[in-house]
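Below is one structure, written out as structure tokens, with a few remarks after it.
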Amino acid sequence: MTGTNSFSVSRYGPERPGWTRLFARDSLTRRLDWPILFAATALSLLGSLLVYSATRNRTELNQGDPYFFLLRHLMNLGIGIALMIATVWLGHRALRNAVPILYGLSVLLALVVLTPLGATINGQRNWLVIGGFSLQPAEFLKVSIILGMAMLLAARVDAGDKPYPDHRTVFQALCLAAVPIMILLLMPDLGSVLAMVAIILGVLLASGSSNRWVFGLLAAGVIGCVAIWQLHILDEYQINRFAAFANPDLDPAGVGYNTNQARIAIGSGGLTGAGLFHGSQTTGQFVPEQQTDFVFTVAGEELGFVGAGFIIFLLGLLLWRACRIARDSTELYGTIVAAGIVAWFAFQSFENIGMTLGIMPVTGLPLPFVSYGGSSMFAVWVAIGLLQSIKVQRPMSA
């Protein structure tokens with residue numbers, strides 16, 4: 001018997017013998033979102049060059065090896081891509097069944113940070129150091145919150161019981177998100193909390209929940225910020241960061257030093273920049289944490305407006321394609337997951353770039369795919385895997 005009827009049907013479409021499956025119109029290869037893969041890969045590789053430029057002369061950081069951070073960044077990228085492939089292979093629907101386990105593990109890791117096993121790096125006690133490797137559980141909490149809230153909000157809608165989440169379901173989803181947020185406040189890690197709030201807003205808007213929840217959450221956020229300030233929950237360095245943001249001239253040699261040096265580096269780049277590895281601010285090591293939080297300053301100084309604009313273009317391309325995946329998903333669960341990822345990437349990119357330009361306070365959030373850091377790289381590539389899974393697992397008639 002010949003013809004397409006002789007082929008078995010998988011979740012990615014009809015099976016075909018041999019290499020023809022890779023190039024068939026309904027194959028996994030053809031159904032991947034290649035613009036997203038291109039943007040994420042280009043950002044990661046460009047980030048490796050920027051990280052190398054920022055660290056090659058910093059012997060106090062690179063242990064005497066100018067390629068130390070470059071090789072580790074590329075290793076993190078390789079692990080991240082492997083995690084993406086594993087996520088696509090498992091599928092977001094299969095992971096939906098494992099959400100309680102993933103959520104519990106990520107919360108447990110975050111709780112361990114609050115114990116003596118937690119480590120303080122760059123003034124922030126939000127790290128675990130295991131066998132010489134540092135891990136930031138807050139990055140994995142972002143993925144867990146997206147999956148957990150999506151599972152709750154979409155359960156009855158995808159089953160056909162409800163046209164949209166009811167108030168009880170929304171309340172349960174917010175309670176699920178509140179647990180990791182409270183843990184992050186205890187660290188405290190205000191930057192990750194702000195990213196979580198952006199994710200929650202994006203998830204609620206995508207789920208079709210009543211706008212009263214969105215406005216109520218915004219009001220609660222304002223009240224919470226006032227309460228945090230009045231109760232002196234923030235550490236002194238965090239208060240100083242907000243003070244420097246409000247008044248950049250307050251202490252240019254102290255709390256305002258990072259932002260001022262970042263703006264000088266970006267401003268000196270002009271249209272086309274000083275050239276890769278030739279930035280005076282970068283070579284002179286004037287900008288602290290330039291391989292992580294302030295990596296965008298390397299692009300601004302050495303690649304200029306054109307290079308920095310290209311990074312923003314790649315981020316925009318990724319967000320645009322992710323929005324299309326959210327829009328085209330045939331199930332609410334997929335829509336919510338994709339929308340949560342969009343909110344996460346959009347806020348974190350705006351915050352990171354904005355703080356280097358002085359239009360946002362310094363919070364320590366990395367630039368997705370570009371900044372050095374294994375935890376961040378692993379988390380964002382898992383998110384890319386989720387987006388690809390939502391794209392390729394749409395029904396064949398969609």
Side-chain angles (χ1 to χ4, degrees), residues 43 46-47 50-51 53-55 58 122-124 188-195 197-198 221-222 225 228-229 234-274 278-316 319 343-373 376:
L43 285 167
L46 184 56
L50 301 180
V51 167
S53 179
T55 59
R58 300 205 169 188
N122 299 328
Q124 290 185 314
D189 185 356
L190 188 59
S192 294
V193 170
L194 293 175
V197 171
V222 173
C225 289
I228 289 171
W229 187 270
L234 297 179
D235 286 342
E236 183 178 356
Y237 79 93
Q238 293 174 315
I239 296 175
N240 291 336
R241 285 178 174 180
F242 280 101
F245 167 68
N247 183 8
D249 299 324
L250 179 65
D251 186 8
V255 296
Y257 178 81
N258 290 17
T259 302
N260 287 330
Q261 292 300 320
R263 295 173 70 179
I264 292 172
I266 293 176
S268 65
L271 180 63
T272 57
H278 292 89
S280 58
Q281 289 289 112
T282 301
T283 303
Q285 305 176 20
F286 290 102
V287 183
E289 308 303 329
Q290 204 169 12
Q291 75 276 15
T292 53
D293 299 348
F294 289 91
V295 70
F296 190 74
T297 62
V298 185
E301 181 184 26
E302 298 187 346
L303 304 179
F305 178 81
V306 174
F310 182 62
I311 290 178
I312 296 174
F313 165 76
L314 290 174
L315 289 168
L319 292 173
W344 166 20
F345 286 0
F347 174 81
Q348 200 156 303
S349 299
F350 180 79
E351 163 60 30
N352 180 276
I353 295 173
M355 73 182 187
T356 64
L357 299 175
I359 62 174
M360 293 292 287
V362 177
T363 59
L365 287 175
L367 184 60
F369 304 98
V370 183
S371 292
Y372 174 80
S376 174

What is the distance from atom CZ of Phe286 to atom CG of Asn260, rounded to the nearest 0.5 Å?
13.5 Å
Hey, does the side chain of Asn352 reach the backbone of Asp293 with a donor-acceptor pair shorter than 3.5 angstrom?
yes
Is the backbone of Gly279 close enough, under 3.5 Å, to the side chain of Thr282 for a donor and an acceptor to pair up by distance?
no
The test is side-chain contact (heavy atoms from CB on, under 4.5 Å); show your working for Phe310 and Phe313 and say whether it passes.
CA-CA 5 Å; Phe310 182 62; Phe313 165 76; 4.1 Å; yes
Please find the pair of heavy atoms, one from Val287 and one from Ala265, that lie closest to each other, and give the distance.
CG2-CB, 4.2 Å
Measure the spacing between CD1 of Ile311 and OG of Ser349 and express it to the nearest 0.5 Å.
10.5 Å
Flag, side chain of Glu301 to backbone of Gln281, donor-acceptor distance under 3.5 Å
yes
Interatomic spacing from CZ in Phe305 to CG in Leu271 - rounded to 0.5 Å:
7.5 Å
Interatomic distance, Thr356 atom OG1 to Gln261 atom CD [nearest 0.5 angstrom]
13.5 Å
Kindly indicate, with the supporting measurements, whether the criterion side-chain contact (heavy atoms from CB on, under 4.5 Å) is fulfilled by Ile353 and Leu315.
CA-CA 11 Å; Ile353 295 173; Leu315 289 168; 4.2 Å; yes
Could you tell me which non-hydrogen atom of Pro361 sits nearest to which non-hydrogen atom of Met355, and how far apart they are?
O-CB, 3.6 Å
Using the side-chain hydrogen bond (donor to acceptor under 3.5 Å, both in side chains) definition, which of the options Glu302, Gln290, His278 pairs with Ser53?
Glu302
What distance do Leu194 atom CG and Thr363 atom OG1 have between them, rounded to the nearest 0.5 Å?
6.5 Å
Could you check whether any side-chain heavy atom of Val295 comes within less than 4.5 Å of a side-chain heavy atom of Ser371, counting everything from C-beta outward?
yes
Please tell me if the side chains of Leu303 and Leu50 come closer than 4.5 Å, counting only heavy atoms from C-beta onward.
yes
Compare all side-chain heavy atoms of Val370 with those of Phe296 and state whether any distance is below 4.5 angstrom.
no
Leu365 and Phe347: which non-hydrogen atoms are nearest, and at how many Å?
CD1-CE2, 3.8 Å
Hey, does Phe294 have a side-chain heavy atom less than 4.5 Å from the side chain of Val362?
yes
Between Phe369 and Phe345, does the ring centroid distance fall short of 6.0 Å?
yes
N/O donor-acceptor pair under 3.5 Å between Thr283 side chain and Ser280 backbone
no
Report the distance from atom OG1 of Thr297 to atom CD1 of Ile264, rounding to the nearest 0.5 Å.
11.5 Å
